[in-house]
2 protein chains.
Amino acid sequence: MVNQVQRVDGSFQASKSDSSGASNSGGESSKDSSRCSTPVLDADRTDRLHDKMRRRMESGDRWFSLEFFPPRTSNGAVNLISRFDRMGSGGPLFIDVTWHPAGDPGSDKETSSMMIASTAVNYCGLESILHLTCANQTKEQITGHLAKAKRLGLKNIMALRGDPVADVWEEEECGFNYATDLVKHIRWEFDDYFDICVAGYPTGHPEAESYEVDLKHLKEKVDAGADFIITQLFFRAESFLKFVKDCRAIGITCPILPGIFPIQGYQSLRQLVKLSKLEVPEEITSVIEPIRDNDAAIRNYGIQHAVGMCRVLLETGDVPGLHFYTLNREVATMEVLKQLGLWIEDPRRPLPWALSANPKRKVEDVRPIFWASRPKSYIYRTQDWDEFPNGRWGNSSSPAFGELNDYYLFYLKSKSSKDDLLKMWGEELMNEESVFEVFTNYITGQPNHCGHKVMCLPWNDDPLAPETNLLKDELEKVNRRGILTINSQPNINGKPSSDPIVGWGPPGGYVFQKAYLEFFTSSENVTALLKVLKKYEPRVNYHIVNVQGKNTTNAPDLQPNAVTWGIFPGREIVQPTVVDPVSFMYWKDEAFGLWIEQWAKLYEEESPSRMIIQYIHDNYYLVNLVDNDFPLDSCLSQVIDDMFELLDAPLEAME
Amino acid sequence: MVNQVQRVDGSFQASKSDSSGASNSGGESSKDSSRCSTPVLDADRTDRLHDKMRRRMESGDRWFSLEFFPPRTSNGAVNLISRFDRMGSGGPLFIDVTWHPAGDPGSDKETSSMMIASTAVNYCGLESILHLTCANQTKEQITGHLAKAKRLGLKNIMALRGDPVADVWEEEECGFNYATDLVKHIRWEFDDYFDICVAGYPTGHPEAESYEVDLKHLKEKVDAGADFIITQLFFRAESFLKFVKDCRAIGITCPILPGIFPIQGYQSLRQLVKLSKLEVPEEITSVIEPIRDNDAAIRNYGIQHAVGMCRVLLETGDVPGLHFYTLNREVATMEVLKQLGLWIEDPRRPLPWALSANPKRKVEDVRPIFWASRPKSYIYRTQDWDEFPNGRWGNSSSPAFGELNDYYLFYLKSKSSKDDLLKMWGEELMNEESVFEVFTNYITGQPNHCGHKVMCLPWNDDPLAPETNLLKDELEKVNRRGILTINSQPNINGKPSSDPIVGWGPPGGYVFQKAYLEFFTSSENVTALLKVLKKYEPRVNYHIVNVQGKNTTNAPDLQPNAVTWGIFPGREIVQPTVVDPVSFMYWKDEAFGLWIEQWAKLYEEESPSRMIIQYIHDNYYLVNLVDNDFPLDSCLSQVIDDMFELLDAPLEAME
């Protein structure tokens, strides 16, 4: 990549894809606070959806996208969010969430279209399109929905007319009668803020006078300001290809994405056909009817049919991406994508933690390490920040974290049921050692004495990270003795940024880490630990706090300690995680709270099991340790060993 | 170091020496732009002078300080600034510059007290005290001087009465009659902005009614707001010790620094005694009179006498620091300080480049590498910035550099005379190769064919840095062939921050560098180089520009590339130097300008020598190369070798 920069008479002309870096002439003083602007590790974080599409089309990279509908129940919401996380790993360019007028779609309910789309953007880091229909709504209601969507960080709207309430469409006086009106309204009220998508009908809208009139309406929607088109589903590649040709012929130039519907079952197909008033071609019904009661066979056929159709589409070279109607299911769509080679689980991460797609967080590139296993909780507690740390965490800032009183927000909730949790963490706890065992089993991956594997802990909703596996043996040893580890990372001295386990950031770089260990432990252990830590000054920084906030640290001037950083070609240093003594005080409330909210409350009040957890909550300390000497072997196990040695020694050694 | 942090009811009580890090309670959103605040690598950069004294007294570290008077001539100013740099390396806590009413002391003249003190602060990075006398000045004039001092970044004032114009002091109506009035005025007009020093007279002020009355006046000055006292010179330790005892007895509690005057010659002693109306004790005159014509003998005596007296003072434990009347000379004072063990040339640097002591630059911790050998010029060209980069250089900022039209500002001027420069760089140049030889001789340290060593180049006012010596052989080879290097650094992969050559920053850290090479070379070489560089994508970032601004780079999105960084215990990452493609366009004007301003102009207009330099200026390119693969052996020599290989190959290879 070569940029030409010309300076003539003190002014630059820079050939740049973004406008942010163009420089002005000399003489003025620098005043902007943009000094610490993002190094744009990942252009996808800053580009708008239609720019991402343009870049993909320019480079010839095909993409896919996924459509979901909002769930009916609160449990369904929890499951859908997990599905977002899983399907997000295959690399969709975006997802979209349909608008269900009957489901209070603009509300704060956990099942509303608005909240599901917001969660996808903010907590799952997915570029998302919120559908919006104008039928049966006033202008004010629509403006209200759009304003709310913007406030929540949504950037893309699929503008639809929606279905009439009555069978026959009646023109409304104050509302909108056509999607075109909605597109115009969005542009009028919100200028270019939203990317707008509209629907195309490869075989004509069922209510349109004719295919040609329908095409004219589509042209009007695009002229009103739509950025791209997603089509209704269709069963023959030719339908779509003819439609695209006809669109181009009347001057529609924007991207047109085919809506792919992998047939997944006989009933769902029938229902969809009824709703969309589409006809299923003979060549499909003739295959399906004989196997209508064999779900697996129908799904296999659906996959095979979709793959075949997509191949035809992609081979034309005119189809930049495929849009999938998932029906909120994973298997069929993933299988089609895998067969097409579009499902790419890219182990590369732009940063070591999961990003949010909210535009106000696009410059964010530093977080405290404490929330490493609870990124959604971190995003929740910082959602009201006006500015996000970039380049440095900073030491004179006052990180004002929101309280986390509601541990049961659907996007923060554990994926496991109460029953499963009891099986993993023990129906009945005998003593503190029972708790040590749960932690140990989580680390080792071995089944507990009832034969259940411990797949999660209140502080870790997922099985052990591959990186933590590097420390497995050490962690097992110390958990067995009551060093209850909840977060750790090994030291890394310059591994390639492409390393499959610890790598992140653009290629050609090097990543580094300081060894980190965070755990709960008894006050007896802490007393010994503090004696031992004196020997490790200034190599080891520590921070020790109990639930009341009684707190000891050797952090110089309460400054943050960078514990993960990366060096990349042609860029400034990136240091995405820090141990920040001030944030740690906010984290400890959450970390201690999880003992009670997620564990103790599984048991009856006054029950011995509950009292054991309560005792730990009330009496243990939360400790974090950083070994600053990242080029040497980590000394943190040695610190713990020394602590146990001191505890095992005759009493006078403790003096 | 252990900080106790208590959080009770959501609020912190942090035991911190500075107020900046105290955190407020949760619930508010973070809004401050202080996110990127400095990691305070060096508390000395942020503390006020009286705080530095307090910290030194608490830790028992003795200090020294140096007094200078403003020069008479412009050449004297250049020499004094060099002396500041040399004597600054011994580690004075501060220097002070006297106020010469006859020398237009508040003006912008290069010999004025104001400009000399400002240069010491801004360009030499020295904590400085500006003297200010109130005699024969109106309130408005004094306020004007103080406002100007503040504007220039001066933070400390020595408040003095000054000598009357007439022999007898006449009370003025609108001005001030006593230093006390001046102290009050400073506090009234500028609140706590300035640290204020006042003068004490161990043997009483010559005009005071009595020693006791004089002490009372001193108490008034301190009560009016002075922070510390520096005494007039004295010849016997007992005089000072009695004086301190008497001060303490009447309630003066601030630091009292003895003014030490190493006798340096017979005439200067006589003159000083006359001015200060002091009596030289018999035990001194009896030694000096017999050797009055032997300067060396007197100076040796003066050193020995001063050392003896200082030892007595320091041994009492009541003297926290020594103030030296240098008479703008180096040898005697340095010798005394060395014998006392107070002269400590600390090779540790807080950052790899020379700091400024201007308070508005105290958070500055990133600079472009281009000005590495011209830090004063960099400070000059950025003096009008309101904000300085901290943490990151940033890519969307518009660094607005001031023009450098006047290469002859006294603090930017070469220390060498025109004659010396001609001897080093050639009385007569024959061709471009003569220029190559000058560069080569600078690198090797070998004398040129006339027997003169090349001690400086227009881009390097000092002999080769020890760090550059690491690359000496490679640099010699390429300069000989017309790769005229002006800046370079080797790659460093994690050396201790205490490394005597490449180390910087607090102890216990690790420093890193990417290999960097910057040079002028012909357009033929550049053509070949660009072909070669294709093989080194994306490992090597380059930037190539000629005097007209014709420019090629492969910097991604014109982002800065961090080329020096450090990792320290308990701190965020520090990255003090970057290669910034935007700043490079400003630097190139200066770098090309130096060919003409400092070299071509040594020769007659139209002379062949001048035309050779002019030709290079007009036709050569300025190139910088960064090898991003810092853990591997640098490939930059290989790049140059490949370029020469391509040039040496038969013509078709260049196609």
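Here is the naming used below: chain letters follow the sequence lines, and residue numbers restart at 1 for every chain. All heavy atoms count here, side chains included; hydrogens, waters and symmetry mates do not.
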- Message: Does any backbone or side-chain atom of B:Asp627 lie under 4.5 Å from a heavy atom of chain A? Answer side chain, backbone, both or neither.
- Response: neither
- Message: With no hydrogens and no angle check, just 3.5 Å: does a side-chain donor-acceptor pair link A:Arg367 and A:Ser583?
- Response: no
- Taking the six-membered ring for Trp, is the centroid-to-centroid distance between B:Tyr510 and A:Phe630 below 6.0 Å? yes
- Message: Using modelled atom types and a 3.5 Å cut-off, is there a donor and acceptor pairing between side-chain atoms of B:Asn561 and backbone atoms of B:Val579?
- Response: no
- When only pairs under 4.5 Å are counted, which of A:Pro569, A:Pro538, A:Gly494 shares the most heavy-atom pairs with chain B? A:Pro569
- Please flag which part of A:Val626 lies under 4.5 Å from any non-hydrogen atom of chain B: side chain, backbone, both or neither. neither
- Taking only Lys NZ, Arg NE, NH1 and NH2, and the carboxylate oxygens of Asp or Glu, determine whether B:Arg381 and B:Asp589 approach each other closer than 4.0 Å. no
